[in-house]
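A note on names: the letters A, B, ... follow the listed sequences, proteins ahead of strands, and every chain is numbered from 1.
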There are 2 protein chains.
Amino acid sequence: MAARRSGARDKRAQREDMPAGSGPSLSRERIVAVAVELLDAHGADGLTMRGLADRLGAGAMSLYWHVGSKEQVFDLALDAVLEYRAPPPDEGGDWRGDVVHMLEDWRARMLRHPWSASLLPRRALGPNILHRLELLGSALSRAGVADAHLNVAIWSLWNFVMGATVTRASFEGARVDKDAAPPHLARPGEDHPTIQRSHLLLDDDWDGAFRKGLDLLLDGLVPRG
Amino acid sequence: MAARRSGARDKRAQREDMPAGSGPSLSRERIVAVAVELLDAHGADGLTMRGLADRLGAGAMSLYWHVGSKEQVFDLALDAVLEYRAPPPDEGGDWRGDVVHMLEDWRARMLRHPWSASLLPRRALGPNILHRLELLGSALSRAGVADAHLNVAIWSLWNFVMGATVTRASFEGARVDKDAAPPHLARPGEDHPTIQRSHLLLDDDWDGAFRKGLDLLLDGLVPRG
DNA sequence: ACCTGAACACCGTTCAAGT
DNA sequence: ACCTGAACACCGTTCAAGT
């Protein structure tokens, strides 16, 4: 839905409505959907315009009528995965629950599509990201955060979630990645007593750590009522 | 220095010492150094094995004797950029200063090499990252954080910094990126009143926001003495 | 309006060979 | 021990052409 929004000068004009009975011919929606499937299956490096077209039963170059470039396919796929339909506003309700829900949904989606975490740093913020930022800001505002402190509050939460998902996805990926012993996944030896003592890298309660850190941050930003 | 560490089965054996007067022939160090230059100049997509070899005055394939693959060049370049020489321990000293210094150095380095932020999510954590984590943990431990809470504290700070640099680099990149109006850099219209009111996306005091958020987080994690 | 194949200008990497 | 060019199996994308 939000994936429709198009750059200034696509070859395709803003289309009217689907011609009704036209079956599953090529469309931007279908392309993006299959791209997400492929990305899920083979990762960011596994996506090929030729492969994507193949999977759609189309000639290799047919995609370019619906889509400007491979870059754009990445943009659209990322944005598609980041959509968020909030539960109804629940007037005068639980701001904290709203924030936690949205951020945990963010994290869950990114982890379900690990390529999205690796793509995110390269791409600008799309409409769905913007929407989440707005939600975050308005909830914090409702919670009583003064306008002067709003930016710091938003960024602190945002950064926490971004960092958590990116780091987690990177760790996950490292384990699957290569045949060879990854040259960079050094084990914490005697050089790293604190890490070893705290079991930092062995602790696999990522979810718990995320939730605790988030609570802590929220407490700091908005003193519990 | 740290970049020397090699995967299990490189074609090159662990070398003894440089043969002294052998001039600037090819070496892993030189390859990585030039790769960083090229990455700085042209971004992650601009690095080519052929181009890298060219710039080193070598035949295209000579690199493969020193390095296993392009992937490894990325790994080594990233790790090279993330090195950290801490100021001397300053026994019994200022843990908070140590933490802030290390994290601000981290952020500064990543922003000086924007490609590093975009590469990080795809790569496992190298020895230099591990070293920074150890520093962080030991400083927090010195500050009195109990072992049971150490992981949450480390991850909270880590995530904050990761998120901040990744987000910032992504914004910076978005502005330079394309010729066309980026389809995804939607402007906050009337749909996003909170963002607009808080000037979230216009505020360019990134450094200040980073520092404030960091202080806030540290206060939450380790009550000020 | 929508799709196509041939062709171009690239890639990373294998390999057999040079010194 | 170190470097090389030719060659392979791919890429994304342009273009002129089909329906």
Side-chain angles (χ1 to χ4, degrees), chain A residues 6-7 9-31 34-35 38-39 42-77 119 122 178-180, chain B residues 6-7 9-31 34-35 38-39 42-77 119 122 178-180:
Chain A
S6 77
R9 71 293 168 63
D10 270 38
K11 269 177 242 150
R12 185 182 69 157
Q14 216 78 350
R15 209 186 331 172
E16 312 297 289
D17 262 26
M18 291 302 263
S22 70
S25 95
L26 237 36
S27 76
R28 182 176 280 201
E29 284 72 21
R30 248 170 56 80
I31 291 173
V34 173
L38 252 28
L39 284 165
H42 304 117
D45 290 334
L47 184 65
T48 288
M49 288 304 263
R50 285 167 152 103
L52 180 53
D54 244 46
R55 177 72 161 257
L56 284 155
M61 297 302 99
S62 309
L63 304 182
Y64 284 88
W65 197 84
H66 301 270
V67 130
S69 66
K70 189 185 183 183
E71 293 281 290
Q72 196 183 41
V73 174
F74 276 136
D75 283 338
L76 294 171
L119 245 39
R122 307 214 200 201
K178 284 300 148 50
D179 34 278
Chain B
S6 78
R9 67 315 163 52
D10 272 37
K11 271 177 238 148
R12 186 183 69 157
Q14 217 76 350
R15 210 189 325 174
E16 313 297 289
D17 262 26
M18 291 301 262
S22 70
S25 96
L26 237 38
S27 75
R28 183 176 279 201
E29 284 73 20
R30 246 169 57 79
I31 291 173
V34 173
L38 252 30
L39 285 165
H42 305 117
D45 290 334
L47 184 65
T48 288
M49 289 304 263
R50 285 167 151 102
L52 180 53
D54 245 46
R55 177 72 164 255
L56 283 155
M61 296 303 99
S62 310
L63 302 182
Y64 284 89
W65 197 84
H66 300 270
V67 131
S69 66
K70 189 186 184 181
E71 293 281 290
Q72 197 183 39
V73 174
F74 276 138
D75 283 338
L76 294 171
L119 246 38
R122 305 215 202 201
K178 285 298 151 48
D179 33 279

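- Looking only at distances, no side-chain donor or acceptor of Arg28(B) sits under 3.5 Å from a matching main-chain atom of Val67(B).
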Would you mind writing out the side-chain donor-acceptor pairs for residues 45-60 of chain A within the sub-3.5 Å range, not counting sequence neighbours?
unit_1   : atom_1 : unit_2    : atom_2 : d
Asp45(A) : OD1    : Arg122(B) : NH1    : 3.2
Arg55(A) : NH2    : Glu37(A)  : OE1    : 3.1

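- Considering every non-hydrogen atom in both Val73(B) and Ala35(B), the closest pair reads CG1-CB, 3.8 Å.
- Across the protein-nucleic acid pair, Ile31(B) atom CD1 and dC2(D) atom C1' stand 12 Å apart, rounded to whole Å.
- Distance Tyr64(A) OH to dC2(C) P: 19 Å, rounded to the nearest Å.
- Taking both residues in full, the closest heavy atoms of Ala77(A) and Leu39(A) are given as CB-CD1, 3.9 Å, listed atom of the first, atom of the second, then distance.
- In terms of phosphate contacts, Ser69(B) brings no side-chain nitrogen or oxygen within less than 4.0 Å of OP1 or OP2 of dG12(C).
- The shortest distance between the side-chain N/O atoms of His66(A) and the OP1/OP2 oxygens of dC3(C) is below 4.0 Å.
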Under 3.5 Å for both distances, Watson-Crick or G-U wobble, that's the pair rule; now give the dot-bracket for DNA chain C, with | marking pairs to another strand and [ ] for crossing ones. ||.|||||...|||||.||

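- Of the inter-residue distances, the one linking Leu63(B) atom CG with Gln72(B) atom CD reads 11.5 Å to the nearest 0.5 angstrom.
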Strictly under 4.0 angstrom, non-hydrogen atoms only: write out the protein contact profile of nucleotides 4-11 of chain C, one letter per nucleotide from the 5' end, B, S or -. BBBB---B

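- Closest of all the heavy-atom pairs between Leu26(B) and Ser62(B) is CD2-CB, 3.6 Å.
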